[in-house]
Amino acid sequence: MAKDKKKKSNSGKKQAGRKAPFLRSTEWFGKPGMDGFHHRSWMKNQGLPHHLFDGRPVIGICNTWSELTPCNAHFRILAERVKRGVYEAGGFPLEFPVMSLGETLMRPTTMMFRNLASMDVEESIRANPLDAVVLLVGCDKTTPALVMGAASCDLPTIVVSGGPMLNGRFRGETIGSGTHVWKFVEAEKRGELSTQDFQDAEACMSRSVGHCMTMGTASTMASMMEAIGLGLPSNAAIPAADSRRNALAHMAGRRIVEMAHEDLKISKILTRKAFENAIRTNGAIGGSTNAVVHLLAVAGRIGVKLSLDDWDQFGRDVPCLVNLMPSGKYLMEDFYYAGGLPAVLKELAEVDLLHKGAKTVNGKSIWQNVKDAQCSDRDVIHLTSKPFKAQGGICVLRGNLAPGGAVIKPSAATPKLMQHKGRAVVFENIEDYKARIDDPNLDIDENCVMVLKNCGPKGYPGFSEVGNMALPAKLLKKGVTDMVRISDARMSGTAYGTVVLHTAPEAAVGGPLALVHEGDMIELNVKKRRIHLDVSEEELERRRQDWTAPEPPERGYWRVYHDHVMQADTGCDFDFLIGSSGAPIPRESH
Ligand code: FES
C-alpha cells in the first residue's frame, strides 16, 4: 500500500507552479463505497492491478480495427504500441472499439455512416472514465468520424494515423491505390488488359498493411491531421509497414499522458489558424476534395467558423508542391523518404503561407516542429519557387447551377477543359448512368458535359464517390482521356479529371441540378469560378413546378440520416450534432 501511495504522487504529479487538472476518471475509479467497488472490481477481471486506479490519467485508445476495414487491419499492433507509451509515462491505457468504416466494402457508401461513427465515438468517450484519448485512424472516413466525435467531447486528443501501404508494383511499374484501378478499368474496356492481368494487378497493388498510398482521401486526411496540429510530426507519411510507424504510436502514448496533465484540450489545437494551415497544406499536397467536407464538419463541432469560401480564399494561391498520384507520379512511401509533410510545411512557412505559431499536440508550435525539416528529393517535394503545379488548391464554383457552391480540383483537371461550354448529357441517377454509359447509341462526344443527378448527401443516399464517372467506352477507344463532368456526388481522392463535385443544393432536395435537361448548354469557367446552366429563369421555374421530391426512406438509421444530414457546403454533419457538449460526468447507472 505504501508503494501505491508513492506511485500516486508520481503519476498524478503537478506541473511546476500549475494546478493539476481535474481528471474525470476519478469520478469512477476514485470513488469509495459501492460505486468505486463496481467500477474497479469488474475491471480487475482483466488482470489489472490495483495501483492503476490510483488517480493516474486514464487514456482511451479509440480503435477502428476491423477485418472489414483492410486499411485498418493492423491496428491491434498499433494500439499495443500506444499502450506501451502510456504505461511508460505513468498513464492507464484502455482500448475500446468504435464503428469502423471500410471504404472498399461498405454500401451504399461509408460517408453515410461517418456521422453515425462520430456519435459512437462521442458517446463512448463521454460515457466512460476517460481523461484523454488517442484516435487510431486510417481508412478515409475513420479520420473525420473520430475527430468529429472527439471534438464534441473536447478532451486532450492525439490522432495516430495507420500509415499508407508500401508502393504497389505491377510488371515493373509503380502503381497506386485507386488511381491505377481507374486506369486498369479503362485499359480493360479498351481491350488492352486481360481478365487474368486484372486479377494479378489486385495483389500487386495492395501488397502490405496500410491505407491507400496515393494522395487520396486517407493520405490527405492524415496530412490534414499533421498540418492542423493533431498528429505528431511525420504522422502523415510513415508507411504502415515501417517500424517507425510503431515508434510514432509509442511516442503518442507517452505524449497523451503529458497532455492529460497539461489539460491540453483539442479545442486549444483546433483554432481558426490551424484550419487555415490545413487548407493551405491541402493545396500544397494536391489533396482530396473530400477534405473540404470533412474539415467543415470538424470545424462545426469545435465551434470554429469556417466556410466553403475559405477553401477558395486560403487555398487559391497555394502551389502544389507534392508530385504524388493521382496528380503526379510518386506515392506516399516516396513522399516519406523525401522528407514527408514537415518538408512541405517548412516550404509553406518560408513564404508566409503558414501560421507559424499554431500549437500542436507535442506542445510545440508547428514552426518549431518543421523548421529543421530536410528534403532529399526535389522531384517529389518541390520548392515553392519551382512548384510541381502552379495551382494546388480547391476552387469553389458558383452560378445558377450551384447557388450553394460546387468544387473542382484544378491539379487533377485538364487545363484546356477548365473553360468549356458543352451540351449536357444527363443521367438521372447512378443506375441510369450504368445502364446507358456504354450504349453505342448514346448521343455523346468529347465536347459534351456529363451530368449525374441524385448522388448527393440525401440522394444516393450518402453522398457517394461516383462523381468522376468513367467515360463512355466508345470515346475511350477513340483516345479521349477527359471530359467535363458535373454532379452532386463526391469523388475518390485517388481519382482525377475535370470533375465538378458537391453541387449544392443537391438534386434530391430540388437543387438546380435536378432541373437540367438533355441538350441544355452548360458553361464551366474555373478562372471566373462560374458554373452556369444556359436556360432562362422562367424555364427553370416551369421545370421546378414539375419536379417531385424522391420518397424518404421509411425507417431506421437511413431515415435519421435523411432527415438530418446537411448539404455539402456545410460539411454534411447532422443538424443536431453541430457544436460541442464537452465531457461532463454522466450520472451513475446504479
Ligand atoms: Fe481505405 Fe483507400 S480504401 S484508404
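Computed from heavy atoms alone, side chains included, the values below leave out hydrogens, waters and symmetry copies. Both counts, for ligands and for their atoms, begin at 1 and track the order of listing.
Those atoms of ligand 1 that come under 4.0 Å of a heavy atom in Cys139, given as number and element, are 1 (Fe), 3 (S), 4 (S). Each of the atoms 4 (S) of ligand 1 lies under 4.0 Å from some heavy atom of Ala218. Taking every heavy atom of Glu103 and a limit of under 4.0 angstrom, the matching atoms of ligand 1 come to 3 (S). Counting the atoms of ligand 1 from 1 in the order shown, those under 4.0 Å from a heavy atom of Thr104 are 3 (S).
Distance from atom 4 (S) of ligand 1 to its nearest protein heavy atom, with residue and atom name: Asp140 OD1, 3.3 Å.
At a threshold of 2.8 Å, atom 1 (Fe) of ligand 1 has a backbone or side-chain N, O or S atom of Cys71 nearer than that distance. Inclusion of His211 in the first shell of atom 1 (Fe) of ligand 1 is not supported: no N, O or S atom falls under 2.8 Å.
The pair Glu95-Lys83 meets the salt-bridge criterion, since a charged nitrogen lies less than 4.0 angstrom from a carboxylate oxygen. Salt bridge Arg171/Asp200: present, at least one basic N to carboxylate O contact under 4.0 Å.
For the pair Lys329 and Phe388, the cation-pi test (distance below 6.0 Å, angle within 45°) is failed. No cation-pi contact links Arg280 to Phe314, judged by a cut-off of 6.0 Å to the six-membered ring centre and 45° from its axis.
By the criterion of a heavy-atom distance under 4.0 Å, both the backbone and the side chain of Cys212 are placed next to ligand 1.
Between Tyr557 and Phe113, the two ring planes are parallel [angle under 30°; tilted spans 30° to 60°].
Considering every non-hydrogen atom in both Asn72 and Ser100, the closest pair reads ND2-OG, 4.4 Å.
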